[in-house]
J.: 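Quick one: this structure, given as structure tokens, is what I'll be asking you about.
Computed from a predicted structure; not experimentally measured. Position 1 is the first residue of the sequence; numbering continues from there. All ligand and atom numbering here is 1-based and tracks the order in the structure.
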Amino acid sequence: MSCETITSPVDIASFQETICRYARYTLGKKVEELSDRDLFLAVTMAVRERLVDIMKTTEDRYKEADAKRLYYLSMEFLMGRSLDNNLYNLGIYDLCREALISMGYDLEEVEAKEPDAALGNGGLGRLAACFLDSLATLGMPGCGYGINYEYGLFKQEIQNGYQKEKPDHWLEYGNPLEIHRPDESCKIQVYGRIEYYQNPDASYGSRWVDWKEVIGIPYDMPVVGFGGRTVNYLRLYTARSSHEFDMEIFNQGDYVKAVEQKIATETISKVLYPSDSVKAGKELRLLQEYFLVACAIKDIIRKYLKDHSGFVEFSSKVAIQLNDTHPSLAVVELMRALIDEKGLEWDAAWAITTATLGYTNHTLLPEALERWPVSLFEHILPRHFQIIQEIDRRFLARVAEVWPGDEARRKRMSIIDESGERQVRMAHLAMVGSHSVNGVAALHSELIKTSLASDFYALWPEKFNNKTNGVTQRRWLLKANPRLASLITRMIGSGWITELDRLRGLETYADAPQFQREFLNIKLANKEALAGVIRKTTGLIVDPNSLFDIQVKRIHEYKRQLLNCMRIIHEYLCLIEDKKQPTVPRTYVFAGKAAPSYWAAKNIIKLINSIGEVINNDRRVDGQIKVVFIPDYRVSLAESVMPAADVSEQISTAGMEASGTGNMKFAMNGALTIGTLDGANIEIMQEVGEENIFIFGLKAEEIREMRANQAYDPRAYYQSNPHLKRVMDALNSDLFCADEPELFAWIYHSILDNGDYYFHLADLPSYIEAQERVGLEFNQADVWARKAILNVARVGRFSSDRTILEYAKDIWGIKSL
Ligand code: 26Q
């Protein structure tokens, strides 16, 4: 008997039948007693059937063509919710909605029961998720490899204005989408030592012995492209201890120790590290990184060898992309597998490794560059450390050939930093071991060449390239903003869903009064919806007719939520002390998480809440200014926020935000950007036109120079500008912290006595001035509508489809099938 089922176009009745079958035989419930959550589980499993069918035909198609495959290795995949997205991409959203209506359920309420898959911190993890969507939509053989964290990014609660972290047990009710594949589990080794021995011919050899074994069990999440022709997958690994290993210690008689060991091993996939910049430097994090890499490389080689023999073809059939340095151990692990397990010579293995790997850098911040102490590294991965030393030795010999006698340069470039406590520099490892090194926006890629890695650029200019980030319009416009999506489709057709450049067709309507009215009405409806979310989550009532001025992103000093706060304080003091009314009533919306160990970021959250507390309750303000902090920023919340913004805050210190991707999501939904010339803001300006964006502040080059010449004196700004002085003095006073005196005085001191590292005072005057222009233009509805429409019409370049096409052509060599 064949158990092949090819999905036929389902009708409502058979879809309902499938849902009921899952409800009864998987959940064990009668149809009458199903909760919304039960429905979510049953519907997802019904959808999964179709995904699995298409996954099989997709795989057949790839196999038939012996296609080159891309594997995207990432410690983070910030997928958010899947049900809604899968229904849209499969083209069965309406069918499902109707099936549920006739069973007495509301699809939107059912969807709301899905927990976000928050397996990432922010931009880097969400980028990986957008890339998977684009790969599948473009019909490209590309899959993600990650970790099946039992706990995703912490849930944020706000108590008395402070962030409190709660565990995110997202798998509590199981993950109905995942496909468990224990038959494809792999064994990996960690710890142990190197043993030296003598061969019969008297030469010496070494081997890795006494290691501990960890099992990686894969769980696949299907990823369907728009149109439902292609289903790729995201393969997530769970760590388990090995039976043989357990039995060995159990047999030694120490039962409790044996169980402890088992738990320690299984901790590897327990929790996502919640930091997006500050180094963790923890043993468990290095174990996690190796666990991902070792499982992925084993799986990739196993799959390759199913259809090929020998390794000559490897790099023409396999591309591996490293999402930052977090999976850069892949350089060493691939070398180890090819040499120790497959018997290749060093030079052959090295040629294959470098031809296969590509590395994407996401940060220039020195404190975010990954380094691992040699002592820790050697303890966990002794064989890998040997291999790194050999890679470094050969690499430094090459450096010496190119720059004879340049000892300083050898020290700067070495993979192992010997200047203090010996450390492995992961970015150097990634650059040496890859054929491609890319940044994520034009400015960022230039700064990699000129400052972060100028020595490497001098050695290998051909490796360096730019791939400006993008976001998927399927989630960030079609799904997040259905009102605007259907207006657009009515005007220019639905081609934009897979070819975002088609939005240019909207330019013709930018001045049409009727279209402007519809556009503004949709914005208003989205603002009303967000006002509902705000009311539900914070209890605050905000006015949908006020200007919604929004800054949502991780809380970090370089992103300058503080600059925004300082201007709000300025506006408030102008109102109550100078009796100067704001140009326009505004609702300031903030959301974002701070790394639990990042004290300053957490204090900034408290500051935002305190400012809100004071301003929102000051009668004199009379609703002209509202300040809101929405707790627990995450993908599903972002989907309500992006469509409701009038103004998008992208105000990082120039040169510090690698790209930003929220900036693109906002513009795609018709918000106007107020921002610095940083990251992708520069390219957004080039696309939408200088007259349709509000740019202010110092440029990256000016900041670099001022830093180099120590030419910035924040005190001078404070003394010469009474408005700045008033804001700083307010922060130094107890105006916003009556209950906790001096809570925010550190800000005053870090800016005035500690050099204002992020240039707040230098940029505040031009920021205030730009915000004045924002207010004036917002008050002219037709002028504003035109600019907002032109933003939507001109964001085509920022589709992740464009980004993926560039990676595919320039780096991966993969094709649509
Ligand atoms: C490293 C070591 C130990 C623990 C955690 C980490 C870690 C984890 C996450 C370091 C960094 C991250 C995340 C970085 C990130 O999200 N960067 C952002 O990437 C986006 C996509 O390219 C860019 O748009 C943003 O500009 C960049 O900040």
J.: Between ligand 1 and S275, can you find any atom pair, the residue atom being a heavy atom, that is separated by under 4.0 Å?
T.: yes
J.: Please check if atom NZ in K449 has more than 12 non-hydrogen atoms from other residues, nucleotides or ligands closer than 6.0 Å.
T.: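 Enclosed.
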J.: To check you understand the geometry: which heavy-atom pair defines the closest contact between W170 and A117, and what is its length?
T.: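 Heavy-atom minimum between the residues: CZ3-CB, 3.7 Å.
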J.: So is there a nitrogen or oxygen of K559 less than 3.5 Å from a nitrogen or oxygen in ligand 1?
T.: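 Looking only at distances, the answer is no, because the N/O contact criterion of under 3.5 Å is not met.
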J.: Is the positively charged end of R707 above the ring of Y757, judged by distance under 6.0 angstrom from the centroid and angle within 45° of the axis?
T.: yes
J.: Heavy-atom pairs closer than 4.0 Å: do any link ligand 1 to the side chain of H326, the backbone, both, or neither?
T.: side chain
J.: Counting only nitrogen or oxygen atoms and a 3.5 angstrom limit, does N469 reach ligand 1?
T.: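 Yes; the residue has a nitrogen or oxygen that sits under 3.5 Å from a nitrogen or oxygen of the ligand.
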J.: N/O of S659 under 3.5 Å from N/O of ligand 1, yes or no?
T.: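 Yes, since at least one N or O of S659 sits under 3.5 Å from an N or O of ligand 1.
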J.: Check for me whether G660 has a heavy atom closer than 4.0 Å to any atom of ligand 1.
T.: yes
J.: Determine whether a donor-acceptor pair (N or O, by modelled atom type, separation under 3.5 Å) exists between the side chain of Q650 and the backbone of N681.
T.: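 The answer is no, because no donor-acceptor pair under 3.5 Å joins these two groups.
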J.: Taking NZ, NE, NH1 and NH2 as the nitrogens, is one of them in E266 or K270 under 4.0 Å from a carboxylate oxygen of the other?
T.: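 Result for this pair is no, no salt bridge flagged.
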J.: Give the atom numbers and elements of ligand 1 that come within less than 4.0 Å of a heavy atom of Y558.
T.: 28 (O)
J.: Does this structure show an ion pair linking D276 with K553, if we count only N-O contacts that are shorter than 4.0 Å?
T.: no
J.: Short list, please: which atoms of ligand 1 are under 4.0 Å from a heavy atom of V440?
T.: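 Counting from 1, the qualifying ligand atoms are 22 (O).
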J.: Enumerate the atoms of ligand 1 whose separation from the nearest heavy atom of A658 is less than 4.0 angstrom.
T.: 26 (O)
J.: Yes or no: does E76 have any heavy atom under 4.0 Å from an atom of ligand 1?
T.: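 Yes, that is the case, since the closest heavy atom of the residue is under 4.0 Å from the ligand.
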J.: Inspect the contact between D133 and R475 and indicate whether a charged nitrogen and a carboxylate oxygen are less than 4.0 angstrom apart.
T.: no
J.: Ligand 1 versus W372, non-hydrogen atoms closer than 4.0 Å: side chain, backbone, both, neither?
T.: neither
J.: So Y758 and H760, would you call those rings parallel, tilted or perpendicular, with 30° and 60° as cut-offs?
T.: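 Y758 and H760: perpendicular rings.
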J.: For E657, is there an ion pair with R560 - N to carboxylate O distance below 4.0 angstrom?
T.: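 Judged by the 4.0 Å cut-off on N to carboxylate O distance, R560 and E657 do not form a salt bridge.
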J.: Counting only heavy atoms, tell me which of D276, L78, L124 gets closest to atom 16 (O) of ligand 1.
T.: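 Nearest heavy atom to atom 16 (O) of ligand 1 lies in L124.
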J.: How does R285 reach ligand 1, if at all, at less than 4.0 Å between non-hydrogen atoms: by side chain, backbone, both, or neither?
T.: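 The answer is the side chain of R285.
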